[in-house]
Amino acid sequence: MAVAVKECLELQLMEVEMLLSMFPKKGEVNLDEDAVPSVQCYLRNTDGALPPQLEYAVTIDVGEAKVKVELQVLLPHTYPHVAPQLFARSDALHRQQQLELNTHLASHMSSLDSGELCICEAVQWLKDNSLPYLENSNISSESASEKVAVKETLRRMWIYSHHIYRQELRKKIFGCAKKLNLTGFCLTGKPGVICVEGLREHCEEFWRVIRYPNWKHISCKHVENIETEGSVDDLRLFRAFEDLQFQAHGDYGLRNDYHMDLGQFLEFLKQHQSGHIFQILFDVEGKLSDK
């Protein structure tokens with residue numbers, strides 16, 4: 001098993017180097033600065049814990065207008081013997097066109113020989129095949145704008161986790177929220193609570209990204225959808241995505257197992273017109289202590 005994983009990780013690094021040579025400009029390959037060193041460290045000592053799965057994004061210019069299409073990549077430790085997790089997105093694509101593009105990309109990837117490196121092939125396929133979906137998206141936009149006023153939906157998701165401690169996970173949460181222009185907060189500790197608000201499709205993508213591949217103790221407790229013909233920014237309850245930390249109590253031992261002060265959290269929710277959410281999250285009625 002260890003030998004197979006070692007060989008797979010060596011191939012993954014080789015493919016990343018190939019992509020960096022193909023896309024040398026800043027921002028074309030978005031890769032966490034610790035990702036490659038973590039894998040290299042493991043390869044020097046395979047008796048240690050496995051490194052985090054390699055995760056990166058490749059931005060491709062499509063057509064004469066150079067519309068940007070991003071390929072998000074997540075590699076299982078045993079890729080290329082196991083299929084990679086791929087997702088293509090573009091701000092120029094509507095949800096339906098994006099779904100169709102990813103469906104056809106998945107169909108093409110499944111037709112390739114298994115056990116072979118395939119991210120470069122996926123990139124090339126997107127360069128060659130994305131333009132029709134982008135054009136269809138433009139036609140749909142023009143047609144819709146002629147018929148009705150454009151409506152957007154603000155979605156607000158309230159997410160509960162048994163705990164949120166790991167720096168790697170927190171970094172992923174804040175990075176994804178920033179990338180998708182989401183506001184809200186992340187309450188670190190035990191319990192852990194995340195609120196994100198923004199465009200519906202961006203919230204859906206956030207939920208997909210942070211759950212994958214194996215966050216088990218997490219659930220979406222409540223979803224709010226508000227439709228508007230104006231800007232969704234006018235409906236936001238939060239002005240930024242906040243790092244929420246309150247006084248904690250409990251065992252500060254090796255497990256770092258401590259509980260957040262839920263009284264302070266309830267006060268924070270009430271300040272943001274969300275006091276009713278406390279009961280939804282914790283199945284108890286929130287009461288502020290007299291101080």
Side-chain angles (χ1 to χ4, degrees), residues 27-28 30 55-74 83-112 118-119 121-159 172 175-184 194 196-213 220 222-236:
E28 288 184 320
N30 188 1
E55 184 174 7
Y56 55 89
V58 182
T59 300
I60 308 154
D61 290 333
V62 176
E64 294 182 4
K66 296 191 179 300
V67 178
K68 296 191 181 303
V69 176
E70 182 183 80
L71 177 65
Q72 298 174 348
V73 179
L74 181 64
Q85 180 82 9
L86 303 177
F87 184 78
R89 66 175 300 278
S90 172
D91 291 338
L93 287 172
H94 291 308
R95 186 178 178 185
Q96 184 59 35
Q97 277 80 27
Q98 188 162 276
L99 176 62
E100 292 173 2
L101 176 62
N102 278 284
T103 299
H104 291 140
L105 172 61
S107 176
H108 173 70
M109 300 307 292
S110 66
S111 70
L112 303 177
C118 61
I119 305 304
E121 170 63 27
V123 169
Q124 188 60 48
W125 188 92
L126 284 173
K127 290 186 73 171
D128 296 340
N129 295 276
S130 296
L131 192 56
Y133 301 92
L134 295 166
E135 291 172 343
N136 287 341
S137 185
N138 288 335
I139 292 171
S140 298
S141 295
E142 292 169 5
S143 176
S145 63
E146 290 173 1
K147 293 178 182 178
V148 294
V150 175
K151 290 186 177 181
E152 292 184 325
T153 299
L154 176 114
R155 172 162 290 187
R156 188 175 299 115
M157 299 180 69
W158 298 90
I159 300 166
K172 185 175 184 179
C176 189
K178 180 179 179 181
K179 180 179 180 180
L180 296 171
N181 191 31
L182 299 177
T183 50
I194 303 169
V196 288
E197 58 179 4
L199 289 175
R200 180 177 58 190
E201 54 269 29
H202 289 176
C203 288
E204 290 172 353
E205 185 172 348
F206 176 87
W207 181 232
R208 181 189 66 81
V209 169
I210 66 165
R211 281 187 304 163
Y212 191 86
C220 183
H222 185 59
V223 175
E224 302 171 59
N225 290 308
I226 308 172
E227 195 173 75
T228 178
E229 292 184 3
S231 170
V232 296
D233 291 338
D234 297 334
L235 302 174
R236 295 178 189 260

[X] versus [Y]: any side-chain heavy-atom pair under 4.5 Å?
X      : Y      : value
Met109 : Trp125 : no
Asp234 : Thr228 : no
Leu105 : Leu71  : yes
Leu180 : Val209 : no
Ile60  : Ser130 : no
Val223 : Trp207 : no
Tyr133 : Val62  : no

Report the C-alpha distance between Asn225 and Leu154 in whole Å, list the side-chain angles of each, state the deciding distance to 0.1 Å, and finish with yes or no for side chain to side chain contact (heavy atoms under 4.5 Å, CB included).
-> CA-CA 6 Å; Asn225 290 308; Leu154 176 114; over 6 Å; no

Please determine if Glu197 and Arg236 form a salt bridge, counting it only when a charged side-chain N lies under 4.0 Å from a carboxylate O.
->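 Salt bridge flag = no for Arg236 with Glu197.
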
How far apart are the C-alpha atoms of Leu86 and Val73, what are their side-chain angles, what is the distance that settles it, and do they pass the side chain to side chain contact (heavy atoms under 4.5 Å, CB included) test?
-> CA-CA 5 Å; Leu86 303 177; Val73 179; 3.9 Å; yes

Point-to-point distance, once rounded to the nearest 0.5 Å, from CD of Glu70 to CG of Asp91 =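 Going from the CD atom of Glu70 to the CG atom of Asp91 covers 9.0 Å.
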
Go through the steps to decide whether Leu131 and Val67 satisfy the test side chain to side chain contact (heavy atoms under 4.5 Å, CB included), and finish with yes or no.
-> CA-CA 9 Å; Leu131 192 56; Val67 178; over 6 Å; no

So which heavy atom on Cys118 is nearest to which on Leu112, and how close?
-> CB-CD1, 4.1 Å

Minimal non-hydrogen separation, Cys176 against Phe206, with atom names |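 Answer, listing the atom of Cys176 first, then Phe206: SG-CD1, 3.6 Å.
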
Listed partners of Glu201 passing side-chain contact (heavy atoms from CB on, under 4.5 Å), at least two apart = Leu199

Please identify each residue that fulfils side-chain contact (heavy atoms from CB on, under 4.5 Å) with Lys68, with sequence neighbours left out.
-> Thr59, Asp61

Flag if over 12 foreign heavy atoms under 6.0 Å of CZ, Arg95 = no

Would Glu224 and Trp158 count as a side chain to side chain contact (heavy atoms under 4.5 Å, CB included) if you check the C-alpha gap in whole Å, the side-chain angles of each, and the deciding distance to 0.1 Å?
-> CA-CA 9 Å; Glu224 302 171 59; Trp158 298 90; 2.6 Å; yes

Short question: side chain of Ser107, backbone of Thr103 - any donor-acceptor pair under 3.5 Å?
-> no

Is there a donor in the side chain of Glu205 and an acceptor in the side chain of Gln98, or the other way round, less than 3.5 Å apart?
-> no

Under the side-chain hydrogen bond (donor to acceptor under 3.5 Å, both in side chains) rule, collect the residues that match up with Glu121, sequence neighbours excluded.
-> His108

